[in-house]
Amino acid sequence: DAGITQSPRYKITETGRQVTLMCHQTWSHSYMFWYRQDLGHGLRLIYYSAAADITDKGEVPDGYVVSRSKTENFPLTLESATRSQTSVYFCASSEWSTTNEKLFFGSGTQLSVL
Amino acid sequence: AQKITQTQPGMFVQEKEAVTLDCTYDTSDQSYGLFWYKQPSSGEMIFLIYQGSYDEQNATEGRYSLNFQKARKSANLVISASQLGDSAMYFCAMRYNSGGSNYKLTFGKGTLLTVNP
């Protein structure tokens, strides 16, 4: 199906483990984003990418790594998970060829770090 | 710094009444875009409405309108004739240029709207 998909939908892991959250979009959008959502903080930008092989930090990048070797994929890796990284993670994409183009969101990944 | 402020953590409204959700923004850019998203309890993010910084008319989408006051840097969302299905978290967001031809979208902390029957 066309759209933006995240996997897994739910993930439980332990502190210190490496975890990778996957994001795939079928529109060939240039821009892709990773946000985390926490109560009282809204959505905070972790990393974003303006095109394949171009990534940049957002507001809360520490402890996360991203890559974008292909336009359609933008995985987010927690190198050594900590309890503070328990959150809901949203991937999003947009073309932004026009200023009013909205951001399309995936369904989110609920991550629990024990 | 680019920032969105939503000062109402929670709001209550009676069904069929109108409600205004506040949003103020801070930017020194001349060109930016303002968005509102709805997040129901299911967790999905639903786009509602967009306002460009150069748009002279307030944006409208069905029962949603955006009260854009540029001088006050406010972009309040007005929902007319509230329905029970409008109960959700609402996020205001701003798209801005982060350098060169790159853009980012920053969000406020959200307002939880509850519609009472």
Side-chain angles (χ1 to χ4, degrees), chain A residues 3-6 8-10 23 25 27 29-61 66 68 87-111, chain B residues 1-10 21 23 25 29-55 57 59 61 64 66 68 89-112:
Chain A
I4 182 166
T5 55
Q6 292 183 236
R9 187 76 175 87
Y10 302 95
C23 180
Q25 52 108 351
W27 295 300
H29 284 163
S30 297
Y31 282 86
M32 294 189 76
F33 302 81
W34 276 106
Y35 289 90
R36 61 176 288 174
Q37 182 178 13
D38 305 287
L39 197 63
H41 291 279
L43 280 81
R44 293 180 291 176
L45 181 63
I46 305 171
Y47 268 97
Y48 75 106
S49 169
D53 296 322
I54 300 175
T55 62
D56 202 357
K57 296 178 180 179
E59 184 183 353
V60 287
V66 293
R68 191 153 177 224
S87 186
V88 178
Y89 291 84
F90 284 99
C91 179
S93 74
S94 183
E95 186 53 44
W96 275 349
S97 55
T98 58
T99 56
N100 63 346
E101 203 150 349
K102 61 190 178 187
L103 215 59
F104 293 85
F105 283 86
S107 299
T109 294
Q110 192 166 314
L111 176 68
Chain B
Q2 325 287 346
K3 187 178 178 182
I4 291 283
T5 302
Q6 294 181 254
T7 57
Q8 306 155 314
L21 306 184
C23 172
Y25 59 92
D29 292 351
Q30 296 301 309
S31 178
Y32 51 89
L34 297 157
F35 298 79
W36 277 92
Y37 280 84
K38 173 185 177 181
Q39 187 181 41
S41 57
S42 59
E44 63 191 300
M45 294 290 287
I46 301 168
F47 167 76
L48 294 179
I49 197 166
Y50 166 85
Q51 179 84 41
S53 58
Y54 294 119
D55 295 340
Q57 303 271 2
E61 291 283 352
Y64 303 107
L66 200 152
F68 182 47
M89 182 71 84
Y90 289 80
F91 291 101
C92 181
M94 178 173 65
R95 174 184 184 259
Y96 63 94
N97 185 285
S98 59
S101 58
N102 293 334
Y103 294 88
K104 291 184 183 178
L105 192 71
T106 189
F107 285 82
K109 294 184 178 181
T111 295
L112 182 62

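So you know, we letter chains A, B, ... as the sequences are listed, proteins then strands, and number each from 1.
- Under the 4.0 Å criterion applied to side-chain N and carboxylate O atoms, A/D53 and A/R68 are not assigned as salt-bridge partners.
- Counting heavy-atom pairs closer than 4.5 Å to chain B, the top-ranked of the candidates A/D38, A/L103, A/L45 is A/L103.
- Contact annotation for B/S42: only backbone heavy atoms (N, CA, C, O) come within less than 4.5 Å of a heavy atom of chain A.
- Checked against the 6.0 Å centroid criterion, the rings of B/F107 and A/Y35 qualify as a close aromatic pair.
- Legend: residues meeting side-chain hydrogen bond (donor to acceptor under 3.5 Å, both in side chains) with A/S107, ordered by chain and number and at least two apart, are absent.
- With a 4.5 Å cut-off on non-hydrogen atoms, B/Y37 touches chain A through its side chain but not through its backbone.
- Remark: B/Q39 pairs with A/Q37 by the side-chain hydrogen bond (donor to acceptor under 3.5 Å, both in side chains) rule, at least two apart or across chains.
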